[in-house]
There are 2 protein chains.
Amino acid sequence: MATARPAPADPSTPRLELDRFLPYRLNVLAALTSDGVARLYSRQFGVSIPEWRIVATLGEHVKLTAHAIGAHSHMHKTKVSRAVGDLISRGVVRREINKDDLREAFLSLTAEGRAIYEGIAPLALSYEVRLVEGLNDVERAAVNDAVATLTRRSRALLDEIKREQAKGGKQDPAAPPARLRDS
Amino acid sequence: MATARPAPADPSTPRLELDRFLPYRLNVLAALTSDGVARLYSRQFGVSIPEWRIVATLGEHVKLTAHAIGAHSHMHKTKVSRAVGDLISRGVVRREINKDDLREAFLSLTAEGRAIYEGIAPLALSYEVRLVEGLNDVERAAVNDAVATLTRRSRALLDEIKREQAKGGKQDPAAPPARLRDS
DNA sequence: CTGAAATGGTTGCGTTTGCAACTATTTGAT
DNA sequence: ATCAAATAGTTGCAAACGCAACCATTTCAG
């Protein structure tokens with residue numbers, strides 16, 4: 001039975017405050033920026049965020065398998081599969097089976113797809129410019145470093161946690177899978 | 001008919017690269033950290049991320065309306081409504097109608113809810129500590145500043161964009177609502 | 001050479017999501 | 001005092017999500 005202290009008022013242990021909590025703040029920030037960019041393109045180009053990620057990835061790399069797109073754009077393979085299917089049926093993306101490995105297929109942008117990419121890319125870039133305008137070069141570098149460092153660190157940390165849980169993780173088998181979705 | 005230049009090779013316009021694109025990078029980072037923290041608590045406490053946000057918010061503020069929780073934790077009111085309903089039925093949260101305004105109700109943690117909060121909070125804080133370990137004080141301050149500045153800026157920018165679109169936004173009424181979900 | 005394991009990709013399914021519409025109550029204008 | 005607009009919160013619904021299971025093909029071990 002857990003003894004519930006109603007707020008310990010203990011100054012030694014720092015209290016958790018959601019809006020000082022980094023993962024939470026990062027989620028809010030990420031959502032704000034995504035929302036912003038998406039508003040710039042989704043309406044006039046009729047492209048959702050997952051779709052845009054695919055188009056953007058193919059815009060950079062010309063020809064990729066679905067697997068590679070997923071790896072590069074951090075999307076679940078089913079999400080890629082369905083979005084790609086949609087984009088193909090809308091004539092944005094083209095599929096071409098790899099004859100050397102019949103399991104996979106190379107995906108690329110059609111002319112229409114490239115037009116969409118060329119249309120959205122400047123909008124996306126302009127969003128980024130507007131986002132960091134008001135920062136000087138040093139501050140911009142600091143932002144970039146911060147994001148890079150945290151990403152590296154959080155990746156490592158996630159692996160650590162996974163490993164920890166893989167070891168001692170047979171404790172509470174009654175607990176549900178606990179879907180890890182958004183923030 | 002859109003003329004699709006197959007990669008302009010124009011060095012004056014900077015090309016878009018997804019993994020240098022700040023909104024994208026922020027989304028990846030946010031997802032990584034969320035995933036990490038959630039793994040620390042979801043299994044042993046049986047609490048989802050939206051639920052944890054509610055518990056955390058109530059842990060700090062003791063007594064809030066659903067509306068206030070939503071505003072504070074950046075969650076859609078239907079998400080709050082359903083998660084709260086769940087938490088109440090599980091005895092984690094208590095609802096108490098405001099007699100001065102019968103539309104709303106004050107929500108607070110039960111003893112069990114507080115126990116969960118007291119259990120998760122240190123885990124969350126330890127995650128944060130591990131995340132920024134290896135950074136010196138200056139770098140930590142830089143991270144905090146960067147997140148704060150970008151959040152402020154992206155909020156302002158989003159408002160600008162909304163205003164722009166509210167004005168000239170009657171152009172393409174055929175475009176679908178374009179749900180703005182995750183990244 | 002054969003069969004098991006691995007890999008690329010799709011699909012069925014139950015859950016979660018957000019939007020729109022709704023109820024109930026309060027506020028504000030006339 | 002009355003009625004329209006605003007606000008808190010819930011719910012129906014369709015879309016989107018991720019997991020697990022699956023098919024097809026390739027790789028690898030013995």
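So you know, we letter chains A, B, ... as the sequences are listed, proteins then strands, and number each from 1.
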Checklist outcome for this item: Whole-Å distance, A:Ile49 CD1 to D:dA16 C1', equals 13 Å
Checklist entry - A:Thr78 and A:His76: side-chain donor and acceptor closer than 3.5 Å? => result yes
Checklist outcome for this item: Against the side chain of B:Arg103, the closest entry in C:dG9, C:dT25, D:dT11 is C:dT25
Checklist entry - Between B:Thr65 and D:dA8, does any side-chain N or O lie under 4.0 Å from OP1 or OP2? => result no
Next on the checklist: Please pick, from C:dG8, D:dT11, C:dT26, the nucleotide with the shortest atom-to-atom distance to any side-chain atom of A:His67.
Outcome noted: C:dG8
Next on the checklist: A quick test of your reading: do over 12 heavy atoms of other residues, nucleotides or ligands sit less than 6.0 Å from NE2 of B:His72?
Outcome noted: yes
Checklist outcome for this item: A:Thr78 has its side chain closest, among D:dC19, C:dC19, D:dT25, to D:dC19
Checklist entry - Are B:Asn144 and A:Arg25 linked by a side-chain donor-acceptor pair shorter than 3.5 Å? => result yes
Item to check | Integer-rounded Å distance: D:dA21 P and A:Lys77 NZ | outcome: 12 Å
Item to check | Residue mapping more 5' on DNA chain D - nearest nucleotide basis, A:Asn98 or B:Leu107 | outcome: B:Leu107
Checklist entry - Between D:dG9 atom P and B:Ile69 atom CD1, what is the distance in whole Å? => result 9 Å
Next on the checklist: Using a 4.0 Å heavy-atom cut-off, does B:His76 contact any base of the nucleic acid, only the sugar-phosphate backbone, or nothing at all?
Outcome noted: base
Checklist entry - What is the distance from NZ of A:Lys79 to C1' of C:dG12, rounded to the nearest Å? => result 19 Å
Item to check | Between P of D:dT7 and CD1 of B:Ile97, the distance in whole Å | outcome: 21 Å
Next on the checklist: Salt bridge or not between A:Arg39 and A:Asp35? Use side-chain N to carboxylate O under 4.0 Å.
Outcome noted: yes
Checklist entry - Atom NZ of B:Lys99 to atom P of D:dA8: distance rounded to whole Å? => result 21 Å
Item to check | Pair A:Arg90 + A:Glu112: basic N to acidic O under 4.0 Å | outcome: no
Checklist entry - Can you tell me how far P of C:dT27 sits from CD of B:Glu104, to the nearest Å? => result 10 Å
Checklist entry - Choosing from C:dT11, C:dT25, C:dT10, which nucleotide comes nearest the side chain of A:Arg82? => result C:dT11
Next on the checklist: What is the distance, to the nearest angstrom, from the CZ atom on B:Arg95 to the P atom on D:dA8?
Outcome noted: 15 Å
